[in-house]
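Report on the structure given below.
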Amino acid sequence: MTITIRGATGGDVAAIDALLRTSFPQPAEAQLVQQLCIDGDMVLTLVADDEETGMLAGVAVFSRMAVEIDGKPVAAVALAPVATASMHRRQGVGEALIAAGLRHLGDAGAMLAFVLGDPDYYERFGFSTDWASGFASPYAGDYFMAMPLQGGAMPCGVRGEAAHARAFAQLGEES
């Protein structure tokens, strides 16, 4: 299997929507991505192409967040959703998408990335509940994690606010 990771284009919209709708039990993640696009809160969407089949193997979406530390805005993103086509799972596609996205966003100047998910999976990238614990968020808890993107340039235990894009508040409302 040969996978190519690239930025999503308008021609990928239908395939991304189909992948999200088949990867999750409810359409909420597909609707989230649609709303992030409509609202202009999408920062980066990466896709993985399976060169042998020409099919979409996976997608990782990063969106804008409003984050403040000591009342000062900090460039931050949220990772969600991430999906891998069933025939490509457990082959490193999701990991490659996430790693590429975090690298790209760090190079572009983002200071922090947040994710809401399974610590056993996301800790391998450097996400930690310790990094997120000082941020007030409606998602605060055992699955709310963050990581610095500038080589750990932020002290752990900072205090601040972390607000996801408005579209996240609609998750689950329509399911």
Determine, stepwise, if the pair Val115 / Met147 fulfils side chain to side chain contact (heavy atoms under 4.5 Å, CB included). CA-CA 9 Å; Val115 69; Met147 70 176 285; over 6 Å; no
How would you list, by chain and number, every residue that makes a side chain to side chain contact (heavy atoms under 4.5 Å, CB included) with Ser128, sequence neighbours excluded? Asp130, Trp131
Closest heavy-atom contact between Gly7 and Asp12? O-OD2, 4.4 Å
Is any side-chain heavy atom of Leu32 less than 4.5 Å from a side-chain heavy atom of Pro81? yes
For Glu68, enumerate each residue passing the side-chain hydrogen bond (donor to acceptor under 3.5 Å, both in side chains) test, keeping only those at least two apart in sequence or located in another chain. none
Which pairs with one or both residues in residues 39-50 pass salt bridge (Lys or Arg N to Asp or Glu O under 4.0 Å), sequence neighbours excluded? Arg6-Asp49, Asp39-Arg166, Asp41-Arg64
According to the side-chain hydrogen bond (donor to acceptor under 3.5 Å, both in side chains) rule, which pairs have a member within residues 114-127, sequence neighbours left out? Glu95-Arg124
As a quick check of understanding, evaluate side chain to side chain contact (heavy atoms under 4.5 Å, CB included) for Ser63 and Phe168, giving each step before the final call. CA-CA 10 Å; Ser63 59; Phe168 280 85; 3.4 Å; yes
In terms of hydrophobic clustering (I, L, V, M, F, W, Y; side-chain heavy atoms under 4.5 Å; direct or indirect links), are Val61 and Val13 co-clustered? no
Would you give the length of the straight line joining atom CD of Glu29 to atom CZ of Arg21, rounded to the nearest 0.5 angstrom? 10.5 Å
Applying side chain to side chain contact (heavy atoms under 4.5 Å, CB included), run through Leu20 and Val33 and close with a yes or a no. CA-CA 9 Å; Leu20 292 171; Val33 170; 3.6 Å; yes
So, using side chain to side chain contact (heavy atoms under 4.5 Å, CB included) as the criterion, who are the partners of Ser23 when residues are at least two apart? Leu19, Ala83, Arg89
Could you tell me if the side chain of Val59 sits less than 4.5 Å from the side chain of Leu46, heavy atoms only? no
For a side chain to side chain contact (heavy atoms under 4.5 Å, CB included) check, start with the C-alpha distance between Gln34 and Asp17, then their side-chain angles and the critical distance, and finish with the verdict. CA-CA 8 Å; Gln34 291 171 1; Asp17 188 71; 3.0 Å; yes
Value for CE (Met145) from CZ (Phe125), rounded to nearest 0.5 Å, stands at 10.5 Å
Could you report the tightest heavy-atom contact between Ala165 and Leu36, atom names first, then the distance? CB-CD2, 3.6 Å
Atom of Gly58, atom of Leu97 and distance for their closest heavy-atom approach: C-CD1, 3.5 Å
What pair of heavy atoms forms the shortest contact from Ala57 to Val93, and how long is it? O-CG1, 4.0 Å
Could you go through residues 98-114 and list every donor-acceptor pair under 3.5 Å that involves a side-chain atom there, pairing it with any protein atom two or more places apart or in another chain?
none

For Ser137 and Ala162, the nearest pair of non-hydrogen atoms, with its separation, is CB-O, 3.5 Å
Which heavy atom of Ile3 sits nearest a heavy atom of Ala48, and at what distance? CG2-CB, 3.5 Å
